[in-house]
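Down below is the structure, laid out as structure tokens.
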Protein chains: 2
Amino acid sequence: MSNRATLHEVARLAGVSLASTSRALHGSGASPAMIEKVQTAADELGYRPNAAGRSLRMKRTFQIEFAVADIGNPVYVEMMTAIHAVLAPHGYRTVVSSMGDQADSAISVLRALDDGHVDGVIISPLRVNDEFVELVRSAEVPIVAIGRSLLDHGIDSVSTDSAMGIGIAVAHLTQQGRRRIAFLNGPTDTTPGEHRQRGFDAAVSDPSFAGESLGTEVADDFTVSAGVRAAHHLLDRIDGPVDAIVAANDLLAIGVLRAARERGLSVPDDLAVTGMDDTEIGRAVLPSLTSVSLGTAERGRVAAELMLARLSESQQAPQLSTIGPELMVRESSVRSTR
Amino acid sequence: MSNRATLHEVARLAGVSLASTSRALHGSGASPAMIEKVQTAADELGYRPNAAGRSLRMKRTFQIEFAVADIGNPVYVEMMTAIHAVLAPHGYRTVVSSMGDQADSAISVLRALDDGHVDGVIISPLRVNDEFVELVRSAEVPIVAIGRSLLDHGIDSVSTDSAMGIGIAVAHLTQQGRRRIAFLNGPTDTTPGEHRQRGFDAAVSDPSFAGESLGTEVADDFTVSAGVRAAHHLLDRIDGPVDAIVAANDLLAIGVLRAARERGLSVPDDLAVTGMDDTEIGRAVLPSLTSVSLGTAERGRVAAELMLARLSESQQAPQLSTIGPELMVRESSVRSTR
DNA sequence: ATGAAAGCGCTAACAG
DNA sequence: CTGTTAGCGCTTTCAT
């Protein structure tokens, strides 16, 4: 079979009109006999409806874009899988685009949106500025934001309380008897960086906080290698022992594990470490990471469902859905009993 | 701005014909004055060419699909990044689709191909059967295979010698003085599983092999959790010490690390471990993994370039490009000096 | 229930 | 260099 068969050819082979052929294939308002006839012809020709023709006519592409800051982060891969699982049964393809971690490249992704190649966008930006918000507001297709809530701008959003998540990690550590606690954050001009910083500051200034804050170290990036560097820097500059490091995500926490090992510090015996995001890799690492789950897959699932709802009944008021954090206790924060 | 402007509206605002407008926007065969006029009108309306109209007319979508068995494997994420980096400057979007690890779902991905939503497919299948090959051969768009070579079927392919890679790992281990060596493979009915098995069998039956083969253990899957289970099983059934385990990929090797730890075995002192794929996570793990690099990013890059070449001059004969394996020695296989 | 015909937005002959 | 026109493949009125 060399060339794709068109609907026209199917119609000719079946000996019926174009319109009837189209209807028969979609099952709406056609006689059983017609459906039978057309289906046979279509099968014989190996007919596949052409996406471009369909899109042009229907003004729908059946593609949803998932735009993320950094596809290298396993969090996004997990989200994507969840999104795909929701969307695929409804006939939507998922297109991933990596925005890079800079606001301006996120903006170029949004600009590219107006060529109508997708019916909607699920976006998880690291940095949000005015131009970004303006572009989101004026986009021609529905947008669902994961991360910072853009509900105030009329955008469906899926959020999580990562600040509280950090609080939970700090509470867990003090409960474990850790006193001198430091925070290893990623860049604070990002949405997660900002929220998690606020969470740490709040936790250690709470009257019930039974420890001592050793302050914050800021890594260049939310990655393992940045985590290693920052952890060394942190441990260099602090006088006396550090009992625990709360890392802003699992990747940074894995960096801490490595830095600790390079300095001959045992985790969890000398130093407790917690991460955030509850990634598979955090579970696999040695020692396994105690981590605050932010419901990654759940957020993806909910975002996809918001998108589906928006696509069908665009009337409904913008929603904000919030997924609560949950602590997953593993080896990196609990002293071995032996 | 509520509705997208069409080329027609731009033409009207500029007071020129549709054709001139189209030409002016593409810069081909239009006077400077025309270009200026049209550009101004286009800017004023915020014009973006519509993808569906364009695709329908040009019979090109400027989308390339990357179809992989399991997007959860970091290898594919790295490949995708490399592919995207090559394709994006040429105006192509990259669409990822996960095929699942079963041959039949790979086939459904290939079937979906004939709706013309992409101009080409870069595919990395885990399992290849006759039906799959037939579908690939008869596809309407160019296909580039990563993994098993399909050159014999006239398909551009990017391959690597993973069998030799396993041989390199084995040689490294015997050089390190490890004698009793076992192989932890993934499913052997997959392309990588089959190749790597062959590599291990060849290595240990080579006259120059200065060790003792403890045979192969097959994990259910190329994942960390399958690796943990299989490693325990392996260590349970073998009498006497195991000096080294060669794992078929990094994920399985990380599973071995964890199983060893659970049994109180020290890596690398009691047991040496090697992985394959040289993933970032293998580098971050403790101890860091000695791993055979198969040039993941390079393979992605080359595949994307083959695709680009095929898209422009479809005349050229099918190519096979092979990336050589390279051993990256790290902590998991080398006894600490202290 | 079926057919005829229009048209989605765009580009590429073809004429001038 | 510019304009007129056809048509990519499909769905959907509108008649019948």
Side-chain angles (χ1 to χ4, degrees), chain A residues 1 3-39 41-42 45-63 91 112-119 140-141, chain B residues 1 3-39 41-42 45-63 91 112-119 140-141:
Chain A
M1 66 192 82
N3 249 327
R4 275 188 259 264
T6 70
L7 193 68
H8 189 83
E9 304 174 53
V10 176
R12 258 208 332 192
L13 179 60
V16 300
S17 80
L18 207 54
S20 295
T21 312
S22 177
R23 280 187 292 249
L25 257 19
H26 289 77
S28 69
S31 68
M34 175 67 80
I35 293 183
E36 162 72 17
K37 218 178 348 182
V38 169
Q39 196 55 256
L45 294 172
Y47 171 73
R48 304 267 108 201
N50 176 274
R54 212 147 191 278
S55 294
L56 184 56
R57 177 65 226 235
M58 301 182 75
K59 294 171 175 304
R60 310 184 60 185
T61 61
F62 297 97
Q63 286 196 154
L113 222 69
D114 283 333
D115 69 355
H117 73 278
V118 291
D119 296 340
E140 300 287 350
V141 296
Chain B
M1 65 192 82
N3 251 326
R4 274 188 260 264
T6 72
L7 193 67
H8 189 84
E9 303 174 54
V10 177
R12 258 206 335 190
L13 179 60
V16 299
S17 80
L18 206 55
S20 295
T21 312
S22 177
R23 282 188 291 251
L25 258 19
H26 289 78
S28 70
S31 68
M34 176 67 80
I35 294 182
E36 162 73 17
K37 223 183 337 187
V38 169
Q39 195 54 256
L45 294 172
Y47 172 74
R48 305 266 108 199
N50 175 275
R54 209 151 193 277
S55 295
L56 184 56
R57 179 63 226 237
M58 301 181 75
K59 294 171 174 303
R60 310 185 60 187
T61 61
F62 296 97
Q63 286 197 153
L113 223 67
D114 283 333
D115 70 354
H117 73 279
V118 291
D119 296 339
E140 301 287 348
V141 296

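So you know, we letter chains A, B, ... as the sequences are listed, proteins then strands, and number each from 1. On a predicted model such as this, the values are computed, not experimentally measured, just so you know.
- Counting any heavy atom pair closer than 4.0 Å across all strands shown, B/Thr6 reaches sugar-phosphate atoms only and no base atom.
- Side-chain to base pairing of A/Arg23 with C/dG3: one donor and one acceptor N or O lie within less than 3.5 Å of each other.
- Between A/Leu7 atom CG and D/dG7 atom C1' there is a gap of 16 Å when expressed in whole angstrom units.
- Each end of the helix from C/dA1-D/dT16 to C/dG16-D/dC1 gets its own axis, taken as the rotation carrying the C1' atoms of four end pairs onto the next four within a five-pair window, and the two axes meet at 40° to the nearest 10 degrees.
- Here the side chain of B/Gln39 pairs no donor or acceptor atom with the backbone of B/Leu25 at under 3.5 angstrom.
- Between the CG atom of A/Leu18 and the P atom of C/dA4 there is a distance of 10 Å, given to the nearest Å.
- A close approach under 4.0 Å does not occur between any side-chain nitrogen or oxygen of B/Lys59 and OP1 or OP2 of C/dT11.
- Exactly one of B/Val16, B/Leu13, B/Leu7 qualifies for a side-chain contact (heavy atoms from CB on, under 4.5 Å) with B/Val38. That residue is B/Val16.
- Of the candidates D/dT12, C/dA12, C/dA4, C/dA4 carries the atom nearest the A/Ser17 side chain, counting heavy atoms from C-beta on.
- Between the CZ atom of B/Arg12 and the P atom of D/dT4 there is a distance of 15 Å, given to the nearest Å.
- Comparing atom distances between the B/Arg54 side chain and each of C/dA4, C/dA12, C/dT11 picks out C/dT11 as nearest.
- Atom pair B/His26:NE2 and C/dA13:P shows a separation of 14 Å (rounding to whole Å applied).
- Whole-Å rounding puts the B/Leu25 CG to C/dG9 C1' distance at 13 Å.
- For the ring-ring contact (aromatic ring centres under 6.0 Å, His included) test, residues two or more places apart in sequence or in another chain that qualify with B/Phe62 are B/Tyr92.
- Between A/Ser20 and the phosphate of C/dT2, there is no side-chain N or O to OP1/OP2 separation shorter than 4.0 Å.
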